[in-house]
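Chain A is the first sequence line, chain B the second, and so forth, proteins listed ahead of strands; every chain is numbered from 1.
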Amino acid sequence: MEWMAPNLFPVAWMSVSSTYVIRLILEGLLIGVIYALMALGLTLIFSVLNIVSFAHGEFYMIGGYVVYVLLNKFKALPGPAALILAAVVTFTIGAVFERLFLQPMARGQVDRPSEYAILVTFGLSFVLQYIMLAIMGPFPKKAPRFFSFPKLDLGFLRTTRTTLFLGEIPLPGGRIFAAVIAVLALMAILYFMYRTWTGWALQAVSQDRNAAAVVGINPLNMNTLAFALGGMLAGLAGAVLVTVFSWVPWVGVPASAKSFVIIVLGGMGSIPGSLVGGLILGVVESLGTGFWPNPATAQAYRDVFGLIMFALVLLVKPTGLFGRKL
Amino acid sequence: MTFRRIYVLWVLTGVFLLGLLFYPVLPKVNLQSYWLLVGMTALFYAILASSWSLLAGYTGQFSFAHMAFMGLGTYAAGIMIRDWGLTPWIATIAGVLVTGVVGWLIGYLCLRLRATYLALFTIAFAEIFRLVVKAEVKITGGPNGLEMPPYQRPEAFDRLMKAILPYWDANQYVPAYYTMALLFFLSLLFMFFLVRSRFGLFFRAVREDEEAAAALGVHVVNTRVLAFVVSSMIAGLAGIVFHHFIGLVVPDEMIIGRMSLIIAMAVIGGSQNLVGAALGAIFIHFALEWLQQIPMPLPVLERLLFLESWGFSVDLQAGLLRTNAWRMVGFGILLMLTLRFAQNGLISPILDWLARKEAVEEVAKRFQAQRDMGAVDAVQPVTSPANPTDDLEAEGEKA
């Protein structure tokens with residue numbers, strides 16, 4: 001019965017060093033960037049198609065497996081090429097699925113479209129999970145690291161092959177690499193959304209489908225593009241993280257749960273919301289895990305903080321931080 | 001006497017109930033514990049699928065935490081037995097109540113918003129609950145699972161059952177099977193009366209048009225919460241009873257893959273129809289059992305050896321093709337195709353077809369009677385439309 005009164009304050013709060021807190025925040029930001037990348041994909045899908053893709057985590061999982069398989073089969077393949085191929089594969093899966101199963105919805109060939117959208121994307125996640133389970137098996141896989149730091153020593157900033165030291169704070173290189181790629185991808189997608197004609201077309205469709213159609217944008221094509229791009233962003237997030245975490249066919253489920261938390265926190269359909277929400281979730285998780293009383297179970301509770309945030313947002317402000325009116 | 005489809009429905013119902021009753025002594029099953037276990041698992045899934053379809057098919061809300069509620073109830077009961085020394089019978093009731101309370105909290109949180117929010121929240125809740133159960137080894141036993149002690153039955157009850165069913169104690173799974181069958185029957189009956197009651201009408205009204213239902217005085221949120229709580233409590237009850245007979249509950253029973261399987265069962269059977277969903281579950285569970293290893297002639301198998309690298313296993317000695325996870329992929333694809341091309345499922349349209357003709361005849365008969373009495377001279381009778389809803393839809397399009 002000792003579990004009924006856990007020792008809530010084993011960490012002597014006063015003695016927590018500020019470096020520890022800074023380290024946790026930095027780690028949270030590093031992973032938060034990747035969460036933001038994934039949530040941005042979901043936001044893109046939601047703002048254009050007005051549905052939530054429940055297969056988002058499976059795109060993440062597929063992206064990771066593509067990199068893993070490529071790096072294992074072709075040792076000479078450079079890492080960035082594997083990332084690009086992962087993006088291509090997830091983009092294709094997204095486009096094909098959208099054409100086959102979501103386009104009929106946009107054309108009005110399906111009864112109760114909102115219920116159909118939830119179930120059919122969930123069905124896709126079911127299929128993708130079991131296909132990967134059948135092919136790759138249930139055992140955890142981890143892709144080899146395809147990047148190592150040059151040895152540096154700039155006093156404040158030191159690196160070894162695998163770790164970067166910021167003063168006293170060690171930061172794992174894999175995560176830094178993943179975060180850098182995620183930032184580049186984020187910048188590319190934001191440039192695409194805000195500075196190209198196609199991006200403007202996507203935004204136009206998300207604001208008003210009929211008006212967009214009037215000025216010559218085909219909303220159906222934009223649907224396909226948005227779904228495929230959204231899946232691709234999740235795939236990229238998986239592709240950069242496969243070197244950090246070990247990969248199983250259901251690795252996408254907690255990941256998609258995180259993106260759900262982020263889009264609700266940031267406001268459904270809001271691009272700045274998903275960026276800010278991703279960083280907030282990363283930091284909250286990191287701090288929460290870092291100060292969790294029992295280190296043995298801390299990792300399992302990493303996702304609980306997201307769930308608590310989800311519940312609080314639903315309770316206090318269901319539109320989220322930047323959300324449109326429901 | 002004219003042939004009527006409704007008679008076919010009655011005969012099929014009778015055959016099904018007899019099959020349910022005499023399943024343990026069917027030739028192939030023959031009281032083997034393996035097949036009894038398969039049968040009771042099928043019934044367990046049937047309860048879960050039909051209670052899921054109570055929520056999904058009648059109120060249009062999707063809970064992805066149905067398996068998590070099943071696990072929540074089971075773990076709550078198991079922990080109360082272990083730590084507080086409750087008897088399994090009382091713990092069953094307490095576990096169901098815990099499920100209801102948690103279901104009420106989640107329902108109250110999410111059901112004020114549109115359907116997507118419940119789906120989003122429950123999928124996160126389900127996965128995180130599983131991870132926490134797995135991590136809290138001290139409380140839940142962690143990945144190795146929690147023991148569930150069996151129910152104690154009075155001696156007299158066993159003697160009585162032995163007098164009725166000579167094979168009652170032939171196998172420890174015979175009582176388990178019959179308990180699940182009884183639970184299946186009762187929960188289906190309960191849900192059937194619930195959806196036939198005014199609450200069932202509220203459920204559908206809220207699904208079809210929220211504002212109209214609210215304007216007519218239906219409390220939209222409470223109606224949805226009621227459906228969610230009832231459906232979760234039935235899941236919890238099924239989980240508790242089932243696991244008391246299995247003896248062990250492990251957190252991986254709550255993985256999202258199982259949940260998808262329940263959804264596939266309900267949707268393929270027909271989520272708008274409780275019986276359809278239950279039949280879908282039973283059918284799919286046995287199909288999965290059969291597809292696990294497909295007997296094939298040797299020459300064919302030798303040609304299929306290349307499948308080994310794709311995750312199948314070819315057993316040349318036994319002449320079997322083992323499909324491993326691919327059978328699930330098959331049902332996943334079937335789920336998506338069903339959603340796309342047959343939204344009412346594959347089984348429930350047949351049931352509806354069998355039951356509907358009678359209704360049309362009934363209307364025609366009443367009409368005839370009224371005309372005979374001279375009540376509706378001016379109105380031309382409708383000459384038995386093939387599908388009574390066709391006309392309505394056509395008129396709706398005209399309007």
| field | Carboxylate-amine/guanidinium proximity below 4.0 Å for Glu127(B) and Lys258(A) | value |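 Salt bridge: no.
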Using a cut-off of under 4.5 Å for heavy-atom pairs, which of [options] has the most such pairs with chain B?
options	answer
Arg112(A), Arg302(A), Met136(A), Gln109(A)	Arg112(A)
Ile118(A), Val52(A), Val120(A)	Ile118(A)
Leu315(A), Val110(A), Leu307(A)	Leu307(A)
Gly123(A), Ala134(A), Gly306(A), Ala257(A)	Ala134(A)
Phe310(A), Phe260(A), Phe122(A)	Phe122(A)

| query | Picking from Tyr108(B), Trp326(B), Phe312(B), Phe125(B), which has the most non-hydrogen pairs under 4.5 angstrom with chain A? | reply | Trp326(B)
Where on [X] is there a heavy atom nearer than 4.5 Å to chain A: the side chain, the backbone, both, or neither?
X	answer
Arg327(B)	neither
Ile128(B)	side chain
Phe64(B)	side chain
Phe62(B)	side chain
Leu335(B)	side chain
Ala264(B)	side chain
Val267(B)	side chain
Ile263(B)	side chain

| field | More than 12 heavy atoms of other groups within 6.0 Å of Glu208(B) CD | value | yes
| said: Is Phe305(A) close to chain B through its backbone or its side chain, or both, or neither, when contacts mean heavy atoms under 4.5 Å? | reply: neither
| field | Residue part contacting chain B, namely of Gln129(A), when any heavy atom lies under 4.5 Å | value | side chain
| request: Would you give the length of the straight line joining atom CG of Leu120(B) to atom CD1 of Ile263(A), rounded to the nearest 0.5 angstrom? | output: 5.5 Å
